[in-house]
Chemist: 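Submitted below is the structure of interest, expressed as structure tokens.
Position 1 is the first residue of the sequence, and the numbers go up from there.
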Amino acid sequence: MARVSQEHLEARRRQILQGAARCFARDGFHATSMADVFKETGLSAGAVYRYFPSKEAIVGAIAHEVLSTVRAAFDEAAAAPRPPWPDEILEVALGRVTEVLVFPPPLVVQVWAETFRDPGLAAILREALSGLIDAWTSVVKAYQEQGMMRPDVDPAHVARTLLACAQGYMLQRAIMAPFDLSVLRDGLRALMSMPGGPEGPGPQEPPRAATPARRP
């Protein structure tokens with residue numbers, strides 16, 4: 001019997017996740033049954049259960065994939081010789097979530113709400129969010145070491161703030177009009193361009209490369 005390739009297994013797993021995500025976003029998590037997932041994906045019960053034993057397992061996997069995708073962009077930034085600016089990191093990270101995972105925006109809100117009744121899902125999100133904060137903290141420390149940010153600010157405080165920006169983007173995208181990533185990028189860039197604050201001016205911002213024009 002021919003062995004199933006890893007690529008095929010991953011494609012099937014993603015087919016299930018994206019089909020279930022469409023069901024959850026359209027009908028709500030609790031109103032969606034596993035039978036609905038079978039119908040949406042066009043797969044048999046056995047094929048779906050091979051990967052996920054329950055709806056809870058599916059939504060946990062969706063949450064983990066979203067946060068892991070963001071985490072990978074943060075880790076890359078922390079490992080760079082000179083870390084990219086926060087607006088650039090967020091644009092890359094959230095762009096990957098939008099383009100690679102292809103999950104309906106309202107699903108994010110439903111997953112967050114589900115954590116209040118599902119301790120297992122809440123634990124998954126807490127662990128993933130803690131990892132994101134750790135990754136951002138490493139980036140902020142790199143900013144401080146290279147003179148890009150004041151050294152007297154707690155890096156964890158900056159990390160929590162930047163994570164809040166990412167979460168706020170995803171929330172607004174789910175419940176408001178379409179929210180292009182360029183809006184988040186430009187807003188953060190404008191805030192970072194302020195010459196000083198109540199405690200006096202911070203380090204001078206080094207020049208950036210010009211942002212490439214977006215295609216229509």
Chemist: In Å, rounded to the nearest 0.5 Å, how long is the span from CZ of R71 to OG of S68?
Modeler: 8.5 Å

Chemist: Under a 3.5 Å cutoff, is there a donor and acceptor pairing between the side chains of S33 and D36?
Modeler: yes

Chemist: Which heavy atom of I16 sits nearest a heavy atom of V48, and at what distance?
Modeler: CD1-CA, 3.9 Å

Chemist: Please check this pair: side chain of Q110 against backbone of F24, looking for a donor-acceptor N/O pair closer than 3.5 Å.
Modeler: yes

Chemist: What's the spacing between R14 CZ and L9 CG if we round to 0.5 Å?
Modeler: 13.5 Å

Chemist: Kindly determine whether L171 and W112 satisfy side-chain contact (heavy atoms from CB on, under 4.5 Å), including the steps that lead there.
Modeler: CA-CA 10 Å; L171 180 62; W112 289 346; 4.1 Å; yes

Chemist: Just wondering, are more than 12 heavy atoms of other shown residues or ligands nearer than 6.0 Å to CD in E56?
Modeler: yes

Chemist: Taking NZ, NE, NH1 and NH2 as the nitrogens, is one of them in E145 or K141 under 4.0 Å from a carboxylate oxygen of the other?
Modeler: no

Chemist: Is there a donor-acceptor contact under 3.5 Å from the side chain of Q146 to the main chain of P81?
Modeler: yes

Chemist: Please tell me whether V92 and L94 are part of a single hydrophobic cluster in this structure, the criterion being side-chain heavy atoms less than 4.5 Å apart.
Modeler: no

Chemist: Check R189 with E91, please: is the shortest side-chain N to carboxylate O separation under 4.0 Å?
Modeler: no

Chemist: Between L188 and W85, is there a side-chain heavy-atom distance shorter than 4.5 Å?
Modeler: no

Chemist: Determine whether R13 and E65 satisfy the following criterion, salt bridge (charged side-chain N to carboxylate O under 4.0 Å, His left out), listing intermediate values before the conclusion.
Modeler: CA-CA 12 Å; R13 178 178 179 276; E65 287 221 7; 2.4 Å; yes

Chemist: Which atoms form the tightest heavy-atom contact between A63 and L125, and what is the distance?
Modeler: CB-CD1, 3.4 Å

Chemist: Do you know which two heavy atoms are closest between A156 and D154, and how far apart they sit?
Modeler: N-OD1, 2.9 Å

Chemist: Between atom OG1 of T69 and atom NE2 of H64, what is the distance when rounded to the nearest 0.5 Å?
Modeler: 9.5 Å

Chemist: Would you indicate whether the side-chain heavy atoms of R26 and E40 approach each other to under 4.5 Å?
Modeler: yes

Chemist: Going only through I, L, V, M, F, W and Y residues with side-chain contacts under 4.5 Å, is there a path from V108 to L163?
Modeler: yes

Chemist: I'd like to know if R96 and E76 make a salt bridge, using a cut-off of under 4.0 Å between side-chain N and carboxylate O.
Modeler: yes

Chemist: Rounded to the nearest 0.5 Å, what separates atom CZ in F29 from atom CZ in R117?
Modeler: 6.5 Å

Chemist: Kindly work out whether a path of hydrophobic side-chain contacts (I/L/V/M/F/W/Y, heavy atoms less than 4.5 Å apart) joins L181 to M176.
Modeler: yes

Chemist: Closest heavy-atom contact between P53 and A57?
Modeler: CD-CB, 3.6 Å

Chemist: Closest approach of F38 and S44, non-hydrogen atoms and distance?
Modeler: CD2-O, 4.3 Å

Chemist: Is there side-chain contact between I58 and M34, with at least one heavy-atom pair below 4.5 Å?
Modeler: yes

Chemist: Hey, what's the ring geometry for W136 with Y143, parallel, tilted or perpendicular (30° and 60° as the breaks)?
Modeler: tilted

Chemist: Using 0.5 Å steps for rounding, measure from the CG atom of D87 to the CG atom of L184.
Modeler: 8.0 Å

Chemist: When you measure from the side chain of S193 to the backbone N and O of A190, does any donor-acceptor pair fall under 3.5 Å?
Modeler: yes

Chemist: Which atom names give the shortest non-hydrogen contact between A174 and V109, and what distance separates them?
Modeler: CB-CG2, 3.6 Å

Chemist: To the nearest 0.5 Å, tell me how far T41 OG1 sits from R12 CZ.
Modeler: 8.5 Å

Chemist: Yes or no on side-chain contact (heavy atoms from CB on, under 4.5 Å) for V153 and Q144, after CA distance, side-chain angles and deciding distance?
Modeler: CA-CA 9 Å; V153 179; Q144 293 174 326; 4.2 Å; yes

